[in-house]
Protein chains: 2
Amino acid sequence: MVSSKDVAKGAGVSQPTVSRVLNKPDSVKPETREKVLRTMQTLGYKPNLIARSLITNNTKTIALISGPVCNEFFAESIDSIVRKADEYGYKIIVYFDEEENLDDILKSVSGFNVDGILMSSITLEESQLEKIKALNTPYMFFARRSKLKSNSVTLDDKRASVMLTNHLIDLGHEKIAMITGESDRSTFLERRQGFDKAINAAGVDIPDSYYIKIKDSSRKEVGEAVKKLIQLYEPPTAVLCASDAIAISAIDVLLSMNLRVPEDISICGFDNVGLSSHRAIQLTSIGYDGGHIGEIAVQHLIKQMNRKERALEDQDYKILSPKLFIRKTTKEINSY
Amino acid sequence: MVSSKDVAKGAGVSQPTVSRVLNKPDSVKPETREKVLRTMQTLGYKPNLIARSLITNNTKTIALISGPVCNEFFAESIDSIVRKADEYGYKIIVYFDEEENLDDILKSVSGFNVDGILMSSITLEESQLEKIKALNTPYMFFARRSKLKSNSVTLDDKRASVMLTNHLIDLGHEKIAMITGESDRSTFLERRQGFDKAINAAGVDIPDSYYIKIKDSSRKEVGEAVKKLIQLYEPPTAVLCASDAIAISAIDVLLSMNLRVPEDISICGFDNVGLSSHRAIQLTSIGYDGGHIGEIAVQHLIKQMNRKERALEDQDYKILSPKLFIRKTTKEINSY
DNA sequence: CTGTTAGCGCCTTCAG
DNA sequence: CTGAAGGCGCTAACAG
């Protein structure tokens with residue numbers, strides 16, 4: 001391991017001069033700079049970022065605490081986040097938050113002195129937000145947010161849900177079911193609220209059996225939910241799925257049951273994931289039409305990190321307007 | 001930032017004792033240990049992993065240099081890698097290798113002193129392998145490998161391709177095309193070789209126009225490839241796609257052209273990605289049937305890192321047996 | 001413009 | 001079993 005000291009010796013200068021060549025090149029006489037650079041080259045010197053971090057107290061590293069990648073939304077977010085962060089010279093450490101291990105993750109994150117935290121798996125619980133804030137590290141939630149005001153980039157989920165539900169109502173549906181996730185996630189809560197709002201505004205009556213809550217968007221969970229709905233005395237004619245991941249699994253299950261989408265039942269989802277525009281799927285979905293949410297979150301986070309004053313005001317609260325993509329999984333109720 | 005020195009002062013012991021409580025608890029008298037642990041608690045002490053790394057020279061961090069996540073295979077590999085690494089207490093830093101920026105990535109990787117490297121985007125070129133080896137860091141390639149013997153976990157791509165091609169031949173196809181990627185990747189090269197081998201063995205003749213090489217598995221690239229094939233005077237009756245990502249895009253394009261899969265044309269791919277078993281896709285594919293390749297690579301890498309002797313022998317060369325999953329996108333040639 | 005000195009937070013001898 | 005001293009590789013003052 002060749003160190004800056006070795007370079008210094010080789011170039012016949014002091015070690016701090018080597019350091020300066022790297023950090024403030026202008027403050028070094030061109031000739032010595034060249035000499036130092038040359039010996040760096042010949043010795044194959046690579047600055048030790050760890051040692052630098054110990055002093056500067058920044059690691060050029062961002063922790064991403066993500067939902068599972070089997071949900072394409074999160075896959076897309078990892079992709080856009082890594083790329084965008086790279087543009088700014090930041091590395092991404094990935095964690096998957098599941099099974100209540102947030103504490104472990106935060107322990108790792110804080111010991112490692114990441115410069116910022118990006119998190120999609122935040123719940124509404126105040127205690128989670130407090131744990132994050134306790135780290136005293138710039139953070140930004142994306143896709144989901146906490147109950148209390150905090151830094152986040154989210155879709156206007158309630159409005160999105162109203163729009164999507166209205167789309168179904170406009171198609172003549174009245175027997176509309178909803179498959180959603182735990183209501184401790186802002187997405188699921190607000191998508192449910194928007195659904196109720198639109199349903200009430202339309203004066204439609206929805207039985208309790210039309211609301212199904214699932215633990216994750218696995219085929220198994222979604223399968224059970226779909227079966228419950230189909231086996232009802234009056235099955236729904238349309239299902240609002242609280243994410244595209246759920247919707248795509250639902251389509252899988254329905255097709256396996258020899259039901260047709262949308263002829264037998266309309267399906268739609270949220271997030272406008274890449275796959276939803278695949279010709280074999282053509283899922284009606286609602287999402288943000290612009291850079292990926294994760295990418296936007298990176299930009300906000302970095303802006304926040306650059307504000308030297310560690311105000312950490314928790315006021316960077318951005319809500320994106322949804323756009324509806326009507327495709328082929330939703331259809332008028334009377335036309336068959 | 002509360003340091004071990006602060007804890008020491010608070011507990012009335014020396015700083016190294018605090019350190020020992022963390023690293024060799026048995027070497028500290030239970031009473032003092034308790035006292036130290038208690039003051040750690042009250043002061044909210046978190047050990048600084050950066051400082052520790054500077055001495056121990058390990059970061060408990062693995063760099064993952066991955067292909068793009070829009071290819072579900074890589075999405076699945078990130079998922080399995082992060083989870084498996086976490087089991088062993090390792091963090092994953094994600095890089096996406098594209099556009100010739102491997103040098104930049106390696107610069108970052110080496111400066112950061114990661115403990116190991118996991119890479120799927122390796123090309124056959126010797127120079128790439130040399131660059132990796134020059135870092136003198138344990139590494140493991142997965143999915144793809146270098147030309148020279150090196151540490152890797154791969155599918156037996158050639159054999160897989162023979163099996164898949166034979167499946168098409170068994171169905172009566174003779175006009176079989178192949179859409180593949182750059183032949184500087186071992187996967188694409190060997191899948192091509194296996195294809196040729198099976199074709200020759202069957203005594204079938206394939207025109208050059210049936211071989212199409214694309215730059216990536218984007219809809220655009222695949223779209224152009226598919227159109228070229230369809231517009232031929234004698235279009236193929238089956239297409240072997242060198243990855244499921246390509247196959248799924250191909251299906252998308254074909255359906256958009258109002259062609260039916262498999263009635264008009266059979267399609268199959270490699271990797272047996274999750275989506276291929278979706279009822280709306282049902283892609284015939286060949287892949288490894290067992291833990292994900294990425295996960296296996298993690299285990300090998302960690303084993304290698306634990307071998308204290310930095311032999312770095314480049315002999316951990318594992319080849320997995322493929323398994324064929326026949327689904328609904330391939331069909332006998334004569335049955336329509 | 002450059003060298004000297006000090007120290008980031010921790011672990012590792014080595015005494016005792 | 002514990003403390004004192006030294007240093008990992010680097011940056012941050014301060015002189016000169």
Side-chain angles (χ1 to χ4, degrees), chain A residues 1-37 39-40 43-61 107-115 136-137 308, chain B residues 1-37 39-40 43-61 107-115 136-137 308:
Chain A
M1 191 70 272
V2 38
S3 73
S4 61
K5 210 189 276 178
D6 300 325
V7 177
K9 207 181 299 173
V13 298
S14 74
Q15 183 275 326
T17 296
V18 177
S19 187
R20 276 187 279 258
V21 169
L22 254 38
N23 302 308
K24 301 193 200 80
D26 297 339
S27 73
V28 176
K29 193 172 22 158
E31 306 148 42
T32 36
R33 194 198 311 155
E34 291 307 324
K35 192 169 50 179
V36 170
L37 285 171
T39 55
M40 279 184 180
L43 293 177
Y45 168 73
K46 301 247 178 66
N48 184 328
L49 271 47
I50 297 288
R52 180 180 294 170
S53 293
L54 193 56
I55 300 174
T56 61
N57 223 18
N58 72 350
T59 50
K60 286 292 189 177
T61 295
K107 202 174 293 174
S108 169
V109 162
S110 75
F112 200 71
N113 289 4
V114 300
D115 297 345
N136 210 34
T137 301
K308 278 282 165 7
Chain B
M1 193 72 272
V2 37
S3 74
S4 61
K5 209 189 276 179
D6 300 325
V7 176
K9 206 181 297 172
V13 297
S14 74
Q15 184 274 325
T17 297
V18 176
S19 187
R20 276 188 277 259
V21 169
L22 254 38
N23 302 308
K24 301 192 200 82
D26 297 341
S27 73
V28 176
K29 193 170 25 157
E31 305 149 44
T32 36
R33 194 198 312 154
E34 292 306 324
K35 193 168 52 182
V36 170
L37 285 171
T39 53
M40 277 184 181
L43 293 178
Y45 168 73
K46 303 246 178 65
N48 184 326
L49 270 47
I50 296 289
R52 179 180 293 170
S53 294
L54 193 56
I55 300 172
T56 62
N57 222 19
N58 72 351
T59 50
K60 286 291 187 178
T61 295
K107 202 173 293 173
S108 169
V109 162
S110 75
F112 201 70
N113 288 5
V114 299
D115 297 344
N136 210 34
T137 301
K308 278 280 164 9

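Just so we're on the same page: letters track the sequence lines, and every chain starts at 1. Values below: all heavy atoms of this structure, side chains included; hydrogens, waters and symmetry mates excluded.
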Are any of B/S4's side-chain N or O atoms less than 4.0 Å away from OP1 or OP2 of C/dG9?
-> no

Side-chain atoms of A/S3 come closest, of C/dC11, C/dC10, D/dG9, to D/dG9

Sub-3.5 Å pairs of nitrogen or oxygen atoms, protein against nucleotides 2-6 of chain C:
from  : atom 1 : to    : atom 2 : distance (Å)
C/dT2 : OP1    : A/T32 : OG1    : 2.8
C/dT2 : OP2    : A/K29 : N      : 2.7
C/dT2 : OP2    : A/T32 : OG1    : 3.1
C/dG3 : OP2    : A/S14 : N      : 3.0
C/dG3 : OP2    : A/S14 : OG     : 3.0
C/dG3 : OP2    : A/T17 : OG1    : 2.7
C/dG3 : N7     : A/R20 : NH2    : 2.6
C/dG3 : O6     : A/R20 : NH1    : 3.0

Do B/V36 and B/V28 come close enough that some side-chain heavy atom pair is under 4.5 Å?
-> no

Residue pair B/N57, B/N113: steps toward the side-chain contact (heavy atoms from CB on, under 4.5 Å) verdict = CA-CA 7 Å; B/N57 222 19; B/N113 288 5; 3.8 Å; yes

Earlier contact from the 5' end, DNA chain D, for A/K5 and A/L22 = A/K5

Check for a donor-acceptor pair, side chain of A/R33 on one end and backbone N or O of A/P25 on the other, with a separation under 3.5 Å.
-> yes

Are the side chain of A/N48 and the backbone N or O of A/I50 linked by a donor-acceptor pair below 3.5 Å?
-> yes

Going through the distances and angles, do B/R52 and B/N23 end up as a side-chain contact (heavy atoms from CB on, under 4.5 Å)?
-> CA-CA 11 Å; B/R52 179 180 293 170; B/N23 302 308; 4.0 Å; yes

Report the C-alpha distance between B/M40 and B/V18 in whole Å, list the side-chain angles of each, state the deciding distance to 0.1 Å, and finish with yes or no for side-chain contact (heavy atoms from CB on, under 4.5 Å).
-> CA-CA 9 Å; B/M40 277 184 181; B/V18 176; 3.7 Å; yes

Length of the line joining A/Y45:OH and D/dG9:P, which is rounded to integer Å | 10 Å

Which parts of residues 47-57 of chain B get close to DNA chain C, meaning a heavy atom less than 4.0 angstrom away?
-> B/P47, B/N48, B/A51, B/R52, B/L54, B/I55

Decide yes or no on side-chain contact (heavy atoms from CB on, under 4.5 Å) for B/D6 and B/S3, but give the supporting numbers first.
-> CA-CA 5 Å; B/D6 300 325; B/S3 74; 3.5 Å; yes

Could you state the atom-to-atom distance from CG of A/N58 to P of C/dC8 in whole Å?
-> 17 Å

A/L43 CG to D/dG9 P, in whole Å, measures 14 Å

The reported gap from CG in B/D115 to OG in B/S53 (rounded to nearest 0.5 angstrom) is 7.5 Å

